[in-house]
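Letters go in sequence order (proteins before strands), and every chain restarts at 1. These numbers were taken from a predicted model, which means no experiment stands behind them.
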Protein chains: 2
Amino acid sequence: MPRQLDDATDTLLASMLVADGRATLKTLAEATGLSVSAVQARVRRLETDGVIRGYVAQIDPEALGLPLAAFISLTPLDPRQDYEIPDLLADFSEIESCHSVAGDASIVLFVRVASPAALETLIREVRKRANVATRTTVVLQTCFERQARPPS
Amino acid sequence: MPRQLDDATDTLLASMLVADGRATLKTLAEATGLSVSAVQARVRRLETDGVIRGYVAQIDPEALGLPLAAFISLTPLDPRQDYEIPDLLADFSEIESCHSVAGDASIVLFVRVASPAALETLIREVRKRANVATRTTVVLQTCFERQARPPS
DNA sequence: GCTGAAATTCCTCAAAG
DNA sequence: CTTTGAGGAATTTCAGC
């Protein structure tokens, strides 16, 4: 159960680290008006409390050879196994996110693949593995994509 | 036009930086068997070539006060302005991603908000701003969510 | 909680092979 | 690409408030 952000200082730290995950303690200290040590202690606490889950490099999907993205909606053929589906899909590296949803489908996946052929292969394997019907929406263009930011 | 990843070493570097965006050059050097200087040059090249777009901290959305996520599908009421829609939506900080898609809708958004009431407000504003009909799918649970990784 | 300072590690750049 | 070295910068740790 993750905490809320305590105060304005933590919120500022989180904002800055979302904008630049490699911001130095010195930079953060200057922005907050605290000492480097104090900032370090706060950031450490945000990390151990799970507010900051980690730091990642954002890689261009095309450079990875994954230029094609798609949403795949899943409808279980056997509703009894509904809750097991995410576990069955965790191995597929092509799946970037897996959301259980309220709506026509039970689950919505966001996937990245190398080609239309790879998408077809993935869809078939997901159907078989999870025993689901699928409905796929191909992404034509990603207009923008960004990290959730603290609401000012 | 972003380059492909050149070789196995660049792929390994990218993988490691996706797993830990704060990995030190020394760590990367040990994993690749290269010198720190060589790794530094490679990472720099990946950055300037746009393969590495940046580094970000991943923040727990709940800690930010944004526990509710949803997909919103947009259908333009006036198809002539189709291509302008993403620009009109860029200011909404609640919108995490905006994809143009092939399917029933023209555009699919992924959004994070504080509450059902905030979701309703957002939907109304999106409709008005972009002159679209909307179809919203509420996320009940995010089973997993991860960065695209280089396919082994 | 915070500060400040010392000790350590890391980054950056250059030179030379 | 490698190694080396030097200078600066960042991180860590710890004493003290």
Side-chain angles (χ1 to χ4, degrees), chain A residues 1-60 62-65 146-147 149-152, chain B residues 1-65 147 149-152:
Chain A
M1 180 87 54
R3 253 193 23 280
Q4 288 296 96
L5 286 171
D6 288 344
D7 54 21
T9 302
D10 280 351
T11 304
L12 180 55
L13 291 176
S15 286
M16 294 186 68
L17 286 171
V18 165
D20 177 9
R22 297 200 122 174
T24 64
L25 296 177
K26 187 188 172 194
T27 305
L28 300 173
E30 286 167 357
T32 55
L34 294 181
S35 68
V36 170
S37 301
V39 168
Q40 186 187 33
R42 277 179 179 260
V43 171
R44 230 196 263 289
R45 202 162 51 90
L46 291 174
E47 290 168 356
T48 58
D49 287 359
V51 174
I52 296 177
R53 289 178 169 167
Y55 302 88
V56 299
Q58 294 179 314
I59 310 283
D60 188 309
E62 296 189 28
L64 293 182
R146 57 198 176 195
Q147 203 79 353
R149 287 178 306 115
S152 66
Chain B
M1 180 87 59
R3 253 190 30 277
Q4 287 296 97
L5 285 171
D6 288 345
D7 55 21
T9 302
D10 279 351
T11 305
L12 180 54
L13 291 175
S15 286
M16 293 187 68
L17 286 171
V18 166
D20 177 10
R22 297 202 119 175
T24 63
L25 296 178
K26 187 188 171 194
T27 306
L28 299 174
E30 286 167 358
T32 55
L34 296 182
S35 68
V36 171
S37 302
V39 168
Q40 184 186 31
R42 277 178 180 261
V43 171
R44 211 193 274 290
R45 204 160 50 88
L46 292 175
E47 288 168 357
T48 58
D49 287 358
V51 174
I52 296 178
R53 289 178 170 168
Y55 302 88
V56 298
Q58 294 179 315
I59 310 284
D60 188 307
E62 295 191 29
L64 292 182
Q147 202 79 353
R149 286 178 307 115
S152 66

Tell me: CG of Asp7(A) to C1' of dG1(C), nearest whole Å? 11 Å
Rounding to a whole Å, what distance do you find between Asp20(A):CG and dA10(D):P? 12 Å
Roughly how many Å is it from CD in Glu30(B) to P in dC10(C), rounded to a whole number? 9 Å
Within less than 4.0 Å of OP1 or OP2 of dC2(C), is there a side-chain N or O belonging to Ser37(A)? no
d(CZ, Arg22(B); P, dT11(D)) in whole Å: 6 Å
If the cut-off is 4.0 Å, is Arg45(B) near the phosphate of dC1(D), judged by side-chain N/O to OP1 or OP2? no
Considering all heavy atoms of both residues, which atom of Gly21(B) and which atom of Arg22(A) are nearest to each other, and what is their separation? O-NE, 3.0 Å
Would you check if the side chain of Asp7(A) reaches a backbone N or O of Thr9(A) as a donor-acceptor pair within less than 3.5 Å? yes
Scan Ser35(B) against the nucleic acid and name what it touches under 4.0 Å (heavy atoms): base, sugar-phosphate only, or nothing. base
Find the distance Leu25(A):CG to dT9(C):P and express it as a whole number of Å. 17 Å
Here the pair of heavy atoms bringing Val39(B) nearest to Ala29(B) is CG2-CA, 3.6 Å
Any side-chain N or O of Arg44(A) under 4.0 Å from OP1/OP2 of dT13(D)? yes
Quickly work out the Leu28(A) CG to dT12(D) P distance and round it to whole Å. 12 Å
Taking the nucleotide of DNA chain D with the closest heavy atom to each, which residue, Gln40(A) or Thr27(A), is nearer the 5' end? Thr27(A)
Test log, rule side-chain contact (heavy atoms from CB on, under 4.5 Å), inputs Leu17(A) and Leu28(A): CA-CA 9 Å; Leu17(A) 286 171; Leu28(A) 300 173; 4.1 Å; yes
Considering only heavy side-chain atoms of Ala38(B), the closest of dC2(C), dT2(D), dC11(C) is dT2(D)
Among dT12(D), dA10(D), dC1(D), find the nucleotide with the atom closest to the side chain of Lys26(A). dA10(D)
